[in-house]
Amino acid sequence: MSYEHTEYWIVDKNINQERTKAQINEAGMWIKKGEVVAFPTETVYGLGANAFDEQAVRKIFAAKGRPSDNPLIVHIAERQQLDQLVTDVSPQAERLIARFWPGPLTLIFKKKTAVAPSVTAGLDTVAVRMPDHPVASALLQAAGVPVAAPSANLSGKPSPTSAAHVRHDLDHKIAGIVDGGKTGVGLESTVLDCSGQVPVLYRPGGVTREEIEAEIGPVSLDLALHSEQETPMSPGMKYTHYAPAGTLWLVPDRSRITELVARSKAEGKRVGVLTTIERQPDYQADLVIACGKRSSLATVAADLYESLRAFDHAAVEVIYAETFPAEGVGIAIMNRLEKAAAGRML
Ligand code: TXA
Ligand code: MG
């Protein structure tokens, strides 16, 4: 489907401003009526459609080029909307909801039949989260229905952390974009399956495993997170993701990067380096991107996707990236970098 014009609403941080209220209400009505609209959340921009409207949800898959076996996350504004979507909420899930919602934690439950079939890609479970972003909350209120929303990027590309990224990927492919500025966390939500006996972590994200376990005790890890052999429980984790157009290599021993850059230059390639502010002056390449501060991994997470996209704009052909400690949000950062590099490590 192609749109002659994609509506673009630039909204104020103050969602009580009259003009902003009117814009958000309009965008919410469009979603309710069956259109797809991109909007900011605290993690990344989402591409939303009414989760009860099968035709609307299909437009999401078409716009993104998303494989139909990859289910979507449903976004809600209030706890009571959860009961429209799921059959049972375990005491553990209730504890997590009380502690982390609104916030970057997606929980998987057994679903009710009202949820449009495409949302769950035929599974009997549904993923739900309550975003912690004033514009997202106001939009969900205005829509008045639960909103299915994957990240608002073309399938396979880095998730969008600004409305400009969404426009780059989806202009003329969707009805509208709500521009609420840069997102905060910068990486997608943590996904935890609460539909069985023991909760299973499918995707690391803004809420860390340590934080979850401090609340409810041990959770198990989807083995596929650390192995190429296993088939992931979460369908989305099996696809190459977040990938820049150039070939990305992870280089744990960063002292080798200078030599690798020289070698690629000698081969006549356009070369990029992904580092942090502290070490940016150490490198010479066609494009050296400082992605946040190593001393604060949250800043690295916030800038990661923007940094990966920057290599595309500069038509860089090979990228050498430093790696990060696998602790706290560093686990999510390394998970996304490993996927972006399709496992390539030197
Ligand atoms: O932060 C986020 O989660 C963002 C914002 C927009 O909320 N959304 C997002 O959606 O990242 P998406 O579609 O890019 O990722 C959803 C992930 C996929 O890996 C998908 O396979 C998994 O959640 N998922 C959804 N429903 C599932 C289910 N019923 N069972 C297992 N995995 C599921
Ligand atoms: Mg995504």
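Start at 1 and go down the list; that is how both ligands and their atoms are numbered.
Looking at D179 and R167, no side-chain N of the basic residue comes within less than 4.0 Å of a carboxylate O on the acidic one, giving no salt bridge. At a threshold of 4.0 Å, the pair E35-K59 counts as salt-bridged, since one of the basic side-chain nitrogens sits closer than that to a carboxylate oxygen. Checked for salt-bridge contact, D169 and R309 meet the test: a charged N lies under 4.0 Å from a carboxylate O. With respect to the salt-bridge test (charged N to carboxylate O, under 4.0 angstrom), the residues E94 and R79 qualify. Salt-bridge check for K157 with D312: passed, with a basic side-chain N closer than 4.0 Å to an acidic carboxylate O. Under a 4.0 Å N-O distance rule, the pair R129/E188 does not qualify as a salt bridge.
At a heavy-atom distance under 4.0 Å, no atom of E42 approaches ligand 1.
In summary, the atoms of ligand 1 found under 4.0 Å from a heavy atom of G46, numbered by their order in the structure, are 6 (C). Short contacts between ligand 1 and H75, defined as distances under 4.0 Å to a heavy atom of the residue, involve ligand atoms 5 (C), 6 (C), 7 (O). Within ligand 1, counting atoms from 1 as listed, the ones closer than 4.0 Å to a heavy atom of Y202 are 31 (C). Shown in contact with L72 at under 4.0 Å from a heavy atom are these atoms of ligand 1, numbered in order with element: 25 (C), 26 (N). Which parts of ligand 1 touch S151 is read off a 4.0 Å heavy-atom cut-off, strictly below it: atoms 8 (N), 9 (C), 10 (O), 12 (P), 14 (O). Near T43, with a cut-off below 4.0 Å to any heavy atom, the atoms of ligand 1 are 1 (O), 2 (C), 4 (C), 5 (C). Taking every non-hydrogen atom of L123 and a distance limit under 4.0 Å, the qualifying atoms of ligand 1 come out as 28 (C), 29 (N), 30 (N). Residue T125 has at least one heavy-atom neighbour below 4.0 Å for each of these atoms of ligand 1: 28 (C), 29 (N), 30 (N).
Using cut-offs of 30° and 60° for the angle between ring planes, the Y305 and Y242 rings count as parallel.
Residue contacts with ligand 1: T41 is placed with no nitrogen or oxygen under 3.5 Å of a nitrogen or oxygen of the ligand (distance criterion only).
Note that CZ of R19 is 8.0 Å distant from CD1 of I10, once rounded to the nearest 0.5 Å.
The residue among P160, S195, P71 with a heavy atom at the shortest distance from atom 25 (C) of ligand 1 is P71. Considering each of V128, D222, I108, T106, the one bringing a non-hydrogen atom nearest atom 28 (C) of ligand 1 is I108. In this structure, of N70, D69, D193, the residue bringing a heavy atom nearest to atom 20 (C) of ligand 1 is N70.
Proximity of the aromatic rings of H75 and H133 is defined here by a centroid distance below 6.0 angstrom, and this criterion is not met.
Listed by chain and number, the protein N, O or S atoms at a distance under 2.8 Å from the Mg ion (ligand 2) are S151 OG.
Judged purely by atom type and a 3.5 angstrom limit, K64 has no side-chain atom pairing as donor or acceptor with the backbone of G156.
Contact analysis puts R129 in contact with ligand 1, with a non-hydrogen atom separation below 4.0 angstrom.
Within a 6.0 Å radius of NZ in K293, other residues, nucleotides and ligands contribute 12 heavy atoms or fewer. In the displayed structure, Q284 atom CD is contacted under 6.0 Å by at most 12 heavy atoms of other residues, nucleotides or ligands.
Nearest heavy-atom pair, A114 versus F52, reported as atom, atom and distance to 0.1 Å: O-CD2, 3.3 Å.
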